[in-house]
Amino acid sequence: MELDSVTLSRMLTSLTLAFHIIFATIGVGVPVLISAAEFIGIRKKDDHYILLARRWARGFTITVAVGVVTGTCIGLQLSLLWPSFMQIAGHVISLPLFMETFAFFFEAIFLGIYLYTWDRFKKPLHHWLLSIPVIIGSSASAFFITTVNAFMNTPQGFKLEGRTITEIDPLAAMFNPATPSKVLHVLTSSYMTAAFILASLAAFAILRGRGSEYHRKALKLTMICGLLFSLATAIAGDISAKFLAKEQPEKLAAAEWHFETEKGADLIVFGTIDENNEIRNEIRIPNALSFLAGSSFDTEVIGLNEFPEDERPPLWIHYLFDSMVSIGFFALGISALFVFLSYWKKANPFKKWLLFLIVCSGPLSMLAIEFGWIYAEVGRQPWILRGYMKVAEGATQADNVGVTFLMFLALYIVLGIITVTVLLKMFRNKPAQAEFNDRFPDSPGIGQ
């Protein structure tokens with residue numbers, strides 16, 4: 001079957017975003033963990049935490065480098081694959097796109113200073129202060145690029161007369177109704193995912209019998225952060241659901257297989273649906289969708305039948321939504337259990353079964369990020385700019401998109417292999433305990 005340019009453009013953009021979001025998420029979340037580890041190390045005078053910050057920072061630089069490459073690819077593809085969309089939207093959202101680049105340079109400058117000034121300050125706290133601009137830069141970068149995506153969901157700040165744009169207000173476009181909930185969800189989920197990825201690495205080392213005091217402290221720190229950020233992400237998800245119920249009811253209705261407008265709407269979990277929209281094998285939570293939409297069991301939830309058939313999102317996004325939420329609750333439960341056992345004197349939080357679940361939590365959290373991103377984008381279909389332009393109208397009509405897709409696919413495979421190889425060699429050549437003994441020969445933690 002021959003694929004048209006619109007389908008190929010969607011495939012290439014999806015491929016790039018799916019690959020980039022891995023490094024973008026790590027890039028936003030890991031600086032918070034680095035800063036927390038160094039601060040605790042300084043306050044407690046514990047060299048294990050200082051080494052955590054050092055090693056995490058080294059690995060972080062590799063992911064930042066790959067994130068830059070893939071981020072550049074996204075900018076290039078917006079212009080090449082979606083020229084009609086950029087002809088209209090590019091004039092309106094150029095401010096956050098520029099500010100995102102500025103935020104990255106801000107982060108990169110302070111990251112370089114942070115990396116090359118270890119042990120150069122009389123007061124270690126002064127070095128820790130350099131981690132704050134890195135966090136600000138990475139989070140600001142996520143903020144600005146998320147406002148662009150938010151604009152695509154609730155566009156404002158301009159008037160469109162045919163193909164002519166008038167009365168452009170960049171600030172109104174950037175601070176559109178979707179911005180607060182989307183930014184909050186992106187930031188909290190990035191912090192949460194980074195915590196669980198680092199936790200899974202520490203748990204894996206302990207499971208394999210290579211764990212030391214360094215790994216146990218790493219696991220405790222990351223799981224505490226994971227618990228806090230999981231709670232924050234759950235709150236952000238609740239805010240997002242209420243936003244969707246008000247501003248994008250078709251996306252929420254498609255995700256929950258809710259067809260008729262009604263009060264006291266049930267929340268449908270998993271299940272199957274046929275071509276007649278008959279739902280089977282589902283788990284129904286009475287009135288829960290109404291509560292999710294408006295904090296009241298009597299809230300009226302708009303059904304999907306209120307919208308024209310050609311403007312409804314595909315119903316398979318239901319599974320993405322359920323999977324994302326399920327993983328979130330799994331991560332929340334695992335982190336809460338570990339933290340509880342850590343502070344219960346008679347308990348052992350390092351049981352093998354629990355460590356195995358923690359190892360799983362890292363990849364699953366990243367998978368939830370992918371599910372959430374796909375749900376956010378596909379749930380907006382068929383619009384590329386909701387209410388103004390459909391995807392087919394914004395795509396290129398060029399004939400060589402298929403070749404371009406294969407070229408970028410090869411690039412991402414090479415980048416992925418290089419990234420994994422470099423990270424493995426970086427940390428296998430000098431295990432944590434060996435580096436600890438070299439850097440801190442007088443520390444009482446040697447041999448623990």
Side-chain angles (χ1 to χ4, degrees), residues 10 14 18 149-150 152-154 177-178 181-182 185 189 233-333 364-365 367-384 386-387 390-392:
R10 293 181 66 178
S14 299
N149 183 267
M152 296 167 70
N153 287 273
T154 54
S181 60
K182 276 191 168 291
H185 205 165
S189 61
T233 301
I235 294 171
D238 181 68
I239 294 172
S240 296
K242 289 173 173 53
F243 161 79
L244 291 177
K246 181 180 179 181
E247 298 287 347
Q248 287 184 281
E250 73 280 8
K251 181 186 284 190
L252 182 64
E256 292 303 327
W257 289 348
H258 178 68
F259 296 96
E260 300 295 335
T261 300
E262 63 178 346
K263 295 182 179 180
D266 295 344
L267 184 69
I268 296 175
V269 181
F270 294 107
T272 59
I273 191 168
D274 61 23
E275 62 276 5
N276 298 317
N277 295 334
E278 293 291 331
I279 303 170
R280 297 183 178 87
N281 306 315
E282 79 280 11
I283 300 172
R284 285 184 178 266
I285 306 177
N287 306 325
L289 181 57
S290 287
F291 188 82
L292 185 67
S295 299
S296 170
F297 293 115
D298 292 326
T299 300
E300 183 177 77
V301 184
I302 299 174
L304 198 59
N305 290 337
E306 300 289 332
F307 302 90
E309 288 192 16
D310 63 342
E311 294 183 6
R312 298 178 188 175
L315 296 179
W316 56 264
I317 64 173
H318 169 79
Y319 298 110
L320 298 175
F321 183 86
D322 283 358
S323 299
M324 174 185 66
V325 174
S326 299
I327 292 172
F329 277 109
F330 168 79
L332 177 61
L364 285 174
S365 295
L367 195 60
I369 291 287
E370 296 283 4
F371 288 153
W373 163 74
I374 297 172
Y375 166 64
E377 296 304 299
V378 177
R380 190 181 60 247
Q381 301 302 311
W383 303 103
I384 190 172
R386 185 173 178 267
K390 292 187 176 180
V391 172

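Note on residues 245-265: pairs passing salt bridge (Lys or Arg N to Asp or Glu O under 4.0 Å), not counting sequence neighbours, are Glu250-Arg386. A ring pair (Phe, Tyr, Trp, His ring centres under 6.0 Å) check over residues 294-315, counting only residues at least two apart or in different chains, returns the pairs Phe291-Phe297. Sorted by first then second residue, the salt bridge (Lys or Arg N to Asp or Glu O under 4.0 Å) pairs that include residues 305-328, not counting sequence neighbours, are Asp310-Lys390.
Minimum interatomic distance between Ser181 and Ile239 (heavy atoms only, all atoms of both residues): CB-CG2, 4.0 Å. The two residues Ile327 and Ala368 make their nearest non-hydrogen contact at CG2-CB, 3.8 Å. The minimum heavy-atom distance linking Ala253 with Leu304 is given by the pair CB-N, 3.8 Å. Taking every heavy atom of both residues into account, Ala241 and Leu252 meet most closely at O-CD2, 4.0 Å. Scanning both residues, Ile317 and Gly379, for their nearest heavy atoms gives CD1-CA, 3.9 Å.
Legend: residues meeting side-chain hydrogen bond (donor to acceptor under 3.5 Å, both in side chains) with Ser240, ordered by chain and number and at least two apart, are His185. Partners of Arg10 by salt bridge (charged side-chain N to carboxylate O under 4.0 Å, His left out), not counting sequence neighbours: none found. By the ring pair (Phe, Tyr, Trp, His ring centres under 6.0 Å) test, Phe270 pairs with no residue at all, sequence neighbours left out. Residues passing the ring pair (Phe, Tyr, Trp, His ring centres under 6.0 Å) test with Tyr319, sequence neighbours excluded: Trp257. Scored by the salt bridge (charged side-chain N to carboxylate O under 4.0 Å, His left out) test, Asp238 finds Lys242 as partners (sequence neighbours excluded). The ring pair (Phe, Tyr, Trp, His ring centres under 6.0 Å) search around Trp373 returns none, not counting sequence neighbours. In this structure Phe321 satisfies the ring pair (Phe, Tyr, Trp, His ring centres under 6.0 Å) test together with Tyr375, sequence neighbours excluded. Applying the salt bridge (charged side-chain N to carboxylate O under 4.0 Å, His left out) test to Asp266 and every residue at least two apart in sequence or in another chain returns Arg284. For Asn281, the side chain to side chain contact (heavy atoms under 4.5 Å, CB included) partners are Thr272, not counting sequence neighbours.
Using a 4.5 Å heavy-atom threshold, the side chains of Asn277 and Leu315 count as touching. Using a 4.5 Å cut-off on side-chain heavy atoms (C-beta onward), Glu282 and Val269 make no contact. Between Asp298 and Ser290, every side-chain heavy-atom pair lies at or beyond the 4.5 Å cut-off. Counting heavy atoms from C-beta on, the side chains of Ser296 and Thr299 come closer than 4.5 Å. Looking at heavy atoms from C-beta onward, Ile374 lies in side-chain contact with Trp316 at the 4.5 angstrom threshold. Between Ile268 and His318 there is a side-chain heavy-atom pair separated by less than 4.5 Å. With contacts defined as side-chain heavy-atom distances shorter than 4.5 Å, the pair Trp383/Val391 does not qualify.
A donor-acceptor pair under 3.5 Å links the side-chain atoms of Asn153 to the main chain of Asn149, judged by distance alone. Judged purely by atom type and a 3.5 angstrom limit, Asn276 has no side-chain atom pairing as donor or acceptor with the backbone of Glu278. A distance-only check finds no donor-acceptor pair linking the side chain of Thr261 to the backbone of Ile302 [under 3.5 Å].
Here the CD1-CG distance, from Ile285 to Leu267, works out to 5.0 Å after rounding to the nearest 0.5 Å.
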Legend entry - side-chain contact (heavy atoms from CB on, under 4.5 Å) between Phe243 and Gln248, intermediate numbers included: CA-CA 7 Å; Phe243 161 79; Gln248 287 184 281; 3.7 Å; yes
